[in-house]
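One structure is given here, and the rest of the page talks about it.
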Amino acid sequence: MKISETHPFDLTPGEAVRLQEVLRDRVRLAGDVGEVSLVAGADASYARGSDEIHAVVVVLRYPDLAVVERVAASAGTQFPYIPGLLSFREGPALVEACRRLRSEPDVVFFDGQGIAHPRGLGIASHMGVLLDRPTVGVAKSLLTGTAAEPEAGRGSTAPILRDTETIGMAVRTKERTKPVYVSVGHRIALAQAVGLVLATTRGYRLPEPTRQAHLFANEVRRGAGGGGRQATLFSGGG
DNA sequence: GCGACAG
DNA sequence: ATCTTGTCGC
């Protein structure tokens, strides 16, 4: 996957905030992804006290959700986890993993917020701008904004509000389970983002692209004796 | 000033 | 995010 744009990541928290305020104006909240044939999930993993980030991207064919490609990249970081600045910690490894991808997914799901962020630039939006590709934020909890509890049934939604503005959607992907929080990353409409999350969920709380990325990231970390690269490709099995 | 706070 | 066994509920 081609990286459209880049910038330094070794910034101070203050510089990172200023960069977010510049990049947020580049985010596109609309866009029709059209016919979807490949959906990717990206995630990162790391050991408790470690600053070695293991990032992965897993590409699934849509709508059958067969895994078509997996790539991983590991990178050290000095940036700590600070709420609101997650992408400055996980971003470098994620960008490198994206760069190693041969596939051109129609949309990429990231673990965390899109525009449902204090400055409108969660990790999904940030990565979307750098990749210039449609991205969606799928978070397990809220960073900012409020949302009512969606109705009990799978597929129910409730808007994530910041004042009167809808910045995302709480989505019940599985009954009797806490909802996931979906927000536009870049170049996609919220309704289509929510539709894709529901269409790629199979019996678990998290959509398959995200879930598969989660599993693979842990696999990479466990087996990464400090190494850096690995990639796995699957030819179409249909 | 205090509490909240993606992963 | 990670550590970490069993356990209660569907």
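Below, chain A is the first sequence line, B the second, and so on; all start at residue 1.
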Is it true that [Y] and [X] share a donor-acceptor pair across their side chains at a distance under 3.5 Å?
X        : Y         : result
Ser45(A) : Arg221(A) : yes
Glu69(A) : Ser103(A) : yes
Ser37(A) : Asp106(A) : yes

Once you apply a heavy-atom cut-off of 4.0 Å, does [X] come out as touching a base, just sugar-phosphate, or nothing?
X         : answer
His126(A) : nothing
Asn218(A) : sugar-phosphate
Gly137(A) : nothing

Length of the line joining [X]:[atom1] and [N]:[atom2], which is rounded to integer Å:
X         : N      : atom1 : atom2 : answer
Asp43(A)  : dG7(B) : CG    : C1'   : 8 Å
Leu142(A) : dC5(B) : CG    : P     : 9 Å
Phe88(A)  : dG7(B) : CZ    : P     : 18 Å
His117(A) : dA6(B) : NE2   : P     : 11 Å
Ile53(A)  : dA6(B) : CD1   : P     : 16 Å
Tyr81(A)  : dA4(B) : OH    : C1'   : 11 Å
Lys178(A) : dA6(B) : NZ    : C1'   : 11 Å
Leu85(A)  : dG7(B) : CG    : P     : 15 Å

One thing to verify: whether [Y] and [X] come together as a salt bridge, which I'm taking to mean a side-chain N less than 4.0 angstrom from a carboxylate O.
X         : Y         : answer
Glu219(A) : Arg70(A)  : yes
Glu21(A)  : Arg18(A)  : no
Asp111(A) : Lys140(A) : yes
Glu104(A) : Lys2(A)   : no

Please check the phosphate of [N] (OP1 and OP2 only) for any side-chain N or O of [X] closer than 4.0 Å.
X         : N      : result
Lys140(A) : dA6(B) : no
Tyr181(A) : dA6(B) : no
Thr144(A) : dC5(B) : no

Task: Stems involving DNA chain C, each a run of at least 3 consecutive Watson-Crick or G-U pairs under 3.5 Å - done: none

How long is the span from the [atom1] atom in [X] to the [atom2] atom in [Y], to the nearest 0.5 Å?
X         : Y         : atom1 : atom2 : answer
Leu29(A)  : Ile115(A) : CG    : CD1   : 4.0 Å
Phe110(A) : Met127(A) : CZ    : CE    : 6.5 Å
Leu198(A) : Thr157(A) : CG    : OG1   : 8.5 Å

Open item on the list: Please evaluate residues Leu161(A) and Asp163(A) with respect to the criterion side-chain contact (heavy atoms from CB on, under 4.5 Å), reporting the C-alpha separation (whole Å), side-chain torsions for both, the decisive distance (0.1 Å), and the verdict.
Closed with: CA-CA 6 Å; Leu161(A) 302 173; Asp163(A) 298 317; over 6 Å; no

Open item on the list: Let me check I have this right: for DNA chain B, each base becomes ., (, ), [, ] or |, based on Watson-Crick or G-U pairs with both distances under 3.5 Å. What is the full string?
Closed with: .......

- [ ] Walking along DNA chain C from 5' to 3', note the first and the last nucleotide with an atom under 4.0 Å from a heavy atom of chain A, and give both.
- [x]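 Span of nucleotides near chain A: dA1(C) to dC10(C).
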
- [ ] I would like to know whether His214(A) and Phe216(A) meet ring-ring contact (aromatic ring centres under 6.0 Å, His included); could you show each step before the answer?
- [x] CA-CA 6 Å; His214(A) 225 286; Phe216(A) 186 45; over 10 Å; no

